[in-house]
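Residue numbers begin at 1 in each chain, while the letters A, B, ... track the order of the sequences. Scope of the values below: all heavy atoms of this structure, side chains included, with no hydrogens, waters or symmetry mates.
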Amino acid sequence: MQSNQQFIGAGARELRAFLSGQDPVAIARGLIGMELTTRTDGGLTSGFITETEAYWAPQDRASHAFGGRRTARTEPFFAGAGTSYVYLCYGIHELFNVITGPAEVPHAVLIRAVEPNLGLEEMLRRRHMENLKPQLSRGPGVVSKALGITRIHNALDLLDPASPVQLSFGRAPVMAEDIVATPRIGIDGAGAEWASRPWRFYHRGNRFVSKLNAFR
DNA sequence: ATTCCGATGCGCT
DNA sequence: GCGCATCGGAATA
């Protein structure tokens, strides 16, 4: 699976099959270009996914579900493909993930950046910004801020049309040659073996990407 | 009960 | 490039 092109026009059923039928690294690639939409008091806002990271628990030391750790916090990891996982990072930022793989298999993809689409005015308001700049929605914490995602959106089914946070195939596909792979960000504590894996992906040339070429 | 520290972002130098 | 805000989860006692 090198891009999402085969999914144009497909719906939630096909998306569910994709999210449950691949390894999380393939899915992290495939999610580039797909659309994340939220519905709140502020109306509808959305963005096209430009940057992701794969978290391949139980083996992956960088995952909260490493070793199959199962607590109240990690419960969404085990709920199956298309479930949301939102958690508080550094006491400040709410980070949004898509759970992938079959139920009981704790795979996840972190959404690190999006290109704004619907509801730009509302997103600017949430970010206390006057005009559109790339920092509106590049970085996992500000993606949630811009889209209005908080921990109340944890453990939702992102493919349910009634959900306030939804994932869909989005617009034109992103070709494999336009997806760049680098090591993941901010996981040095997991050790070199895991920190060096090129499991971060971003849309080449897109301004809405948190760190171009982050080799560390 | 206590301690440690993180899948970050922002403002200032 | 650097310091620091800020707080809940999980491990330790």
Start with the C-alpha gap between A:Arg70 and A:Glu104, add the side-chain angles, then the distance that decides, and say whether salt bridge (Lys or Arg N to Asp or Glu O under 4.0 Å) holds. CA-CA 10 Å; A:Arg70 194 159 186 163; A:Glu104 303 302 316; 2.8 Å; yes
Is it true that A:Glu122 and A:Arg126 make a salt bridge, defined as a side-chain N closer than 4.0 Å to a carboxylate O? yes
Heavy atoms from other residues, nucleotides or ligands near CZ of A:Arg61 exceed 12 (cutoff 6.0 Å): no
Greater than 12 external heavy atoms within 6.0 Å of A:Gln59's CD: yes
Specify the closest pair of heavy atoms between [X] and [Y], including all atoms of both residues, with the distance to one decimal.
X        : Y        : value
A:Gly170 : A:Phe48  : CA-CE2, 4.1 Å
A:Pro140 : A:Leu110 : CB-CD1, 4.2 Å
A:Leu167 : A:Ile49  : CD1-CD1, 3.9 Å

Within the 4.5 Å heavy-atom criterion, are A:His64 and A:Tyr85 side-chain neighbours or not?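 Touching, per the 4.5 Å side-chain cut-off.
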Are any of the side-chain heavy atoms of A:Leu147 and A:Val165 separated by less than 4.5 Å?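 Result no, sub-4.5 Å side-chain heavy-atom pair not found.
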Heavy atoms within less than 4.0 Å of DNA chain C: which residues of [range] have one? Give them sorted by number.
range                       : answer
residues 102-130 of chain A : none
residues 135-147 of chain A : none
residues 52-60 of chain A   : none
residues 65-94 of chain A   : A:Arg69, A:Thr71, A:Arg73, A:Thr74, A:Leu88, A:Tyr90, A:Gly91, A:Ile92

Nearest 0.5 Å, please: how far is CG in A:Asn154 from CG in A:Asn97?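 It comes to 9.5 Å.
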Roughly how far, to the nearest 0.5 Å, is CG of A:Leu31 from CD1 of A:Ile179?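 Between atom CD1 of A:Ile179 and atom CG of A:Leu31 there are 9.5 Å.
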Any chance the side chains of A:Glu115 and A:Thr50 put a donor and an acceptor closer than 3.5 Å?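 Judged by distance alone, the side chains do not pair up.
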Would you please say whether a donor-acceptor pair under 3.5 Å links the side chains of A:Ser210 and A:Glu51? yes
Would you list the pairs meeting salt bridge (charged side-chain N to carboxylate O under 4.0 Å, His left out) in which at least one residue belongs to residues 133-153 of chain A, sequence neighbours left out? A:Glu94-A:Arg151
Identified stems (criterion: three or more consecutive Watson-Crick or G-U pairs, under 3.5 Å), DNA chain C: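 The stems are B:1-6 with C:7-12, B:8-12 with C:1-5.
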Without decimals, in angstroms, what is the distance between A:Ile99 CD1 and B:dA7 P? 15 Å
For the pair made of CD in A:Glu51 and C1' in B:dA7, what is the distance, rounded to whole Å?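 It is 11 Å, rounded to the nearest whole Å.
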At under 4.0 Å, does any side-chain N or O of A:His64 touch on OP1 or OP2 of C:dG9? no
So what does A:Arg61 touch, heavy atoms closer than 4.0 Å: a base, only the sugar-phosphate, or nothing? nothing
Hey, does the Lys NZ or Arg CZ of A:Arg184 hover above the aromatic six-ring of A:Tyr55, less than 6.0 Å from the centre and inside 45° of the axis?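 Positive - A:Arg184 is close enough to the ring of A:Tyr55 and near enough to its axis.
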